[in-house]
Novice: 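What follows is a structure written as structure tokens; I'll ask about it next.
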Amino acid sequence: MTGPRSWLPVPPLPVGVAVELVNEWAVTPRQASARPWGGHPAPDSPYRMRLHETWPGGSRLADEEISSAAEEIHAVFAAEPGEARDAVVDALVDRVGLVPRLDSRGAPPRLGWRAAADAPPLLAAMLATVLDALTDPATRSAGLCAAERCADVYLDTSRRGHRVYCSTRCQTRERVRAHRQRRS
Ligand SMILES: [Zn+2]
């Protein structure tokens, strides 16, 4: 017989950091990229620094733990919006035991999250962040970069909501490619 499940509050993680963790540590973007893999970001990389500054315990996390959480969250972005994505999120929510909690430390009180004490803490935090972002009216869409050989994720919070690339670098690369194709 197992005892009752216990919960721990999930410290908030900035959504920009969550997206960055997915794009720098997940396995799928690495495999899609045409560039040779140079290893996980170094301890003094800007990605590691931002994780360290924004999330308690971030500096103690092993690359494998970040990578496995990042890959699980990548699947949320990769899923078609609608029933398919909802099912991916539901399964993750069940696994980490994510439940809402009232956080009244500030005014007005806000909706926070708790997760099962035995769940990977970073996965719980990334999932909570992505849930908040996907249900934010300012988020127009979420998905995978449309550029060739790129599987990085993006969240579109632009007013027009036409974003399809992860970065201006990919957008420029695709524009140049399309231009060359038209000329040949
Ligand atoms: Zn891209």
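Since the structure is predicted, the reported quantities are computational estimates derived from the model, not experimental observations.
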Novice: Kindly check if the number of other-residue, nucleotide or ligand heavy atoms within 6.0 Å of CD (Q181) is above 12?
Specialist: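 Yes - once you tally the heavy atoms of other residues, nucleotides and ligands closer than 6.0 Å, there are more than 12.
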
Novice: Does H40, at its NE2 atom, have more than 12 non-hydrogen atoms belonging to other residues, nucleotides or ligands within less than 6.0 Å?
Specialist: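 Yes.
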
Novice: OG of S67 to NE2 of H74: how many Å apart, nearest 0.5 Å?
Specialist: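 One gets 11.5 Å once the value is rounded to the nearest 0.5 Å.
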
Novice: So, taking the atom named SG in C166 and the one named CG in L155, what distance separates them when rounded to the nearest 0.5 Å?
Specialist: 12.5 Å

Novice: If we ignore hydrogens and angles and just use 3.5 Å, is the side chain of R163 paired with the main-chain N or O of Y165 as donor and acceptor?
Specialist: yes

Novice: Measure the shortest side-chain to side-chain distance between P100 and W113 over non-hydrogen atoms and say whether it is less than 4.5 angstrom.
Specialist: yes

Novice: If I take atom OG from residue S68 and atom CG from residue D63, how far apart are they, to the nearest 0.5 angstrom?
Specialist: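 It comes to 11.5 Å.
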
Novice: Return the CZ to CG distance between R101 and L8, rounded to the nearest 0.5 Å.
Specialist: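 One gets 10.0 Å once the value is rounded to the nearest 0.5 Å.
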
Novice: Could you tell me if the side chain of N23 sits less than 4.5 Å from the side chain of Y154, heavy atoms only?
Specialist: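 Not touching, per the 4.5 Å side-chain cut-off.
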
Novice: Does S33 use its side chain to pair, donor to acceptor, with the backbone of P29 at less than 3.5 Å?
Specialist: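 No, the answer is negative, given that no donor and acceptor are paired below the 3.5 Å cut-off.
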
Novice: Taking 4.0 angstrom as the limit, do R50 and E53 come out as a salt bridge?
Specialist: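 Not counted as a salt bridge, because no side-chain N and carboxylate O are separated by less than 4.0 Å.
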
Novice: Is V130 close to V22 at the side-chain level, that is, under 4.5 Å between some pair of heavy atoms?
Specialist: no

Novice: Output the distance between atom CD (E20) and atom CH2 (W25), rounded to the nearest 0.5 Å.
Specialist: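 Answer for the CD-CH2 pair, E20 versus W25, is 8.0 Å.
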
Novice: Counting distance only, does the side-chain N/O of E148 pair as donor-acceptor with the main-chain N or O of E174 below 3.5 Å?
Specialist: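 Answer holds: no.
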
Novice: Mind checking the CG-CG spacing from L123 to L127? Nearest 0.5 Å is all I need.
Specialist: 6.0 Å

Novice: Tell me if a side-chain donor or acceptor on T139 pairs with a main-chain N or O of A133 at a distance below 3.5 Å.
Specialist: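 Yes, the answer is positive, given that a donor and an acceptor are paired below the 3.5 Å cut-off.
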
